[in-house]
Amino acid sequence: MPEGHTVHRLAGALTELFSGHRPTITSPQGRFSQGAAKLNGQIALSAEAWGKHFFMPFAPEPTEVTLGEDGPDWLHVHLGLYGSWSFDGDGEFIAVHTIGAPRRRIGEREQLSEGADERRVAEWEPPTPKDTVRVRFAQPHGIADLTGPNQCQVLSGSEVRAVLKRLGPDPLRNNPGDRERFISLVRKRKVPVGQLVMDQAVTAGPGNIYRADCLFRVGISPLRPGNRVSEHRLGLLWDDLVSAMSEGVRDGIILTNPPEYIPLDPIDEQDRRFAVYQRSGRACWRCGNTIAEMAMAGRRLFWCPGCQR
DNA sequence: ACGAAATGTCTAA
DNA sequence: TAGACCTTTCGTT
């Protein structure tokens with residue numbers, strides 16, 4: 001269950017664990033057998049993320065490539081609503097991609113790998129994949145399993161470029177000019193800004209949580225038409241997406257409730273994570289008004305009518 | 001056991 | 001706007 005920060009973390013993890021290797025690639029489920037056969041035995045190069053899209057190039061020999069270059073076979077994965085990768089391996093493998101505690105899953109709900117510390121290199125055997133595993137990457141020290149993706153396919157460079165063409169600026173790339181581009185894309189439209197922040201052609205990567213909480217953090221009502229939000233406030237919104245999502249990449253979890261609003265005794269752990277997301281009917285941490293909820297373009301939208309104008 | 005919801009996106013009507 | 005899709009998890013019978 002990924003927003004862009006999860007996909008960026010995954011690109012880092014899969015690069016560290018598999019780039020430079022010739023992983024064995026299979027499709028236990030059988031729905032990616034052709035693609036797996038095409039990639040199997042090639043060298044995995046550095047994976048990259050753009051928004052929620054994951055790209056990993058494969059070539060016969062090690063090389064440096066840029067995103068969308070002609071030549072390599074590009075594995076393209078979109079996790080959709082509930083795709084996920086899980087990892088298993090010996091202590092050496094788990095240690096490679098560990099920042100802090102060893103993790104079995106990259107993304108939300110990251111799990112500690114049981115016994116990874118004690119596990120001897122020689123003891124590890126690849127576990128039998130579940131029959132829903134679309135793709136398994138295997139190298140001698142560990143495996144990565146992909147289940148439930150919305151998209152998983154091998155693309156040419158020009159096909160990758162066609163995907164990228166439909167994506168707006170990614171706050172986690174934050175390339176020169178992206179801030180201005182985001183501002184102008186929003187201000188061109190009279191669609192509610194809450195809908196535009198979810199539109200991957202306007203900005204690629206934010207999902208329902210960052211949409212709700214970043215709009216709260218900068219005080220913009222999601223119902224306000226894009227062309228009625230000032231350039232200044234949209235600049236602040238971009239900056240907040242950049243910083244909130246960067247923290248998500250660093251921590252592997254979304255914690256968007258600003259520290260000054262976290263109550264000393266929250267109702268429960270879950271309740272302190274978000275500012276407004278999934279808090280409808282409860283009191284706003286900042287002003288005490290009741291958090292509102294409505295459906296917007298088929299997704300649940302949460303905001304504070306008191307703080308957001 | 002069963003149903004609904006989930007941090008997503010596409011297509012058809 | 002509704003439905004389809006890919007899977008897991010959590011709450012309710």
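Note that the structure is a prediction, hence the values are computed from the model and not measured.
One P atom belongs to B/dA5, the other to C/dG3, and the distance between them is 14 Å to the nearest Å. Separation of the C1' atoms belonging to B/dT7 and C/dT1 is 23 Å when rounded to the nearest angstrom. C/dT8 and B/dC10 have their P atoms separated by 23 Å, with the value rounded to a whole Å.
Take A/R134 and apply the salt bridge (charged side-chain N to carboxylate O under 4.0 Å, His left out) test, not counting sequence neighbours, and it matches no residue.
If you take CD of A/Q200 and P of B/dT7, they are 14 Å apart, rounded to a whole angstrom. Rounding to whole angstrom units, CG of residue A/L167 and P of B/dT9 are separated by 9 Å. If you measure from atom CZ of A/F302 to atom C1' of B/dA5, you get 11 Å, rounded to the nearest angstrom.
Within the nucleic acid shown, A/R31 comes within 4.0 Å of sugar-phosphate atoms alone, with no base atom in reach, counting heavy atoms only. Across all strands shown, A/N208 has heavy atoms under 4.0 Å from sugar-phosphate atoms exclusively, and none from any base.
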Scan the side chains in residues 186-197 of chain A for donor-acceptor partners under 3.5 Å anywhere in the protein, sequence neighbours excluded, and list what turns up.
| from | atom 1 | to | atom 2 | distance (Å) |
| --- | --- | --- | --- | --- |
| A/R187 | NH1 | A/V229 | O | 2.6 |

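A salt bridge does not link A/R233 with A/D240: none of the charged nitrogens is closer than 4.0 Å to a carboxylate oxygen. Using a 4.0 Å cut-off between charged nitrogen and carboxylate oxygen, A/R179 and A/D239 count as a salt-bridge pair.
Within the structure, ring-ring contact (aromatic ring centres under 6.0 Å, His included) contacts touching residues 191-227 of chain A (residues at least two apart or in different chains) are A/H5-A/Y210. Screening residues 226-250 of chain A for ring-ring contact (aromatic ring centres under 6.0 Å, His included) gives A/F182-A/W238 as the qualifying pairs, with residues at least two apart or on separate chains. Applying the salt bridge (charged side-chain N to carboxylate O under 4.0 Å, His left out) rule to pairs touching residues 48-61 of chain A yields A/R22-A/E61, A/E48-A/R173, sequence neighbours excluded.
Distances shorter than 4.0 Å separate some side-chain N or O of A/R299 from OP1 or OP2 on B/dT7. A sub-4.0 Å separation between OP1 or OP2 of B/dT7 and a side-chain N or O of A/H5 is absent. For C/dT7, the OP1/OP2 oxygens have no side-chain nitrogen or oxygen of A/K130 closer than 4.0 Å.
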Anything under 3.5 Å between a protein N or O and an N or O of nucleotides 10-13 of chain B, put it in a table, one pair a line.
| from | atom 1 | to | atom 2 | distance (Å) |
| --- | --- | --- | --- | --- |
| B/dC10 | OP1 | A/R166 | NH2 | 3.0 |

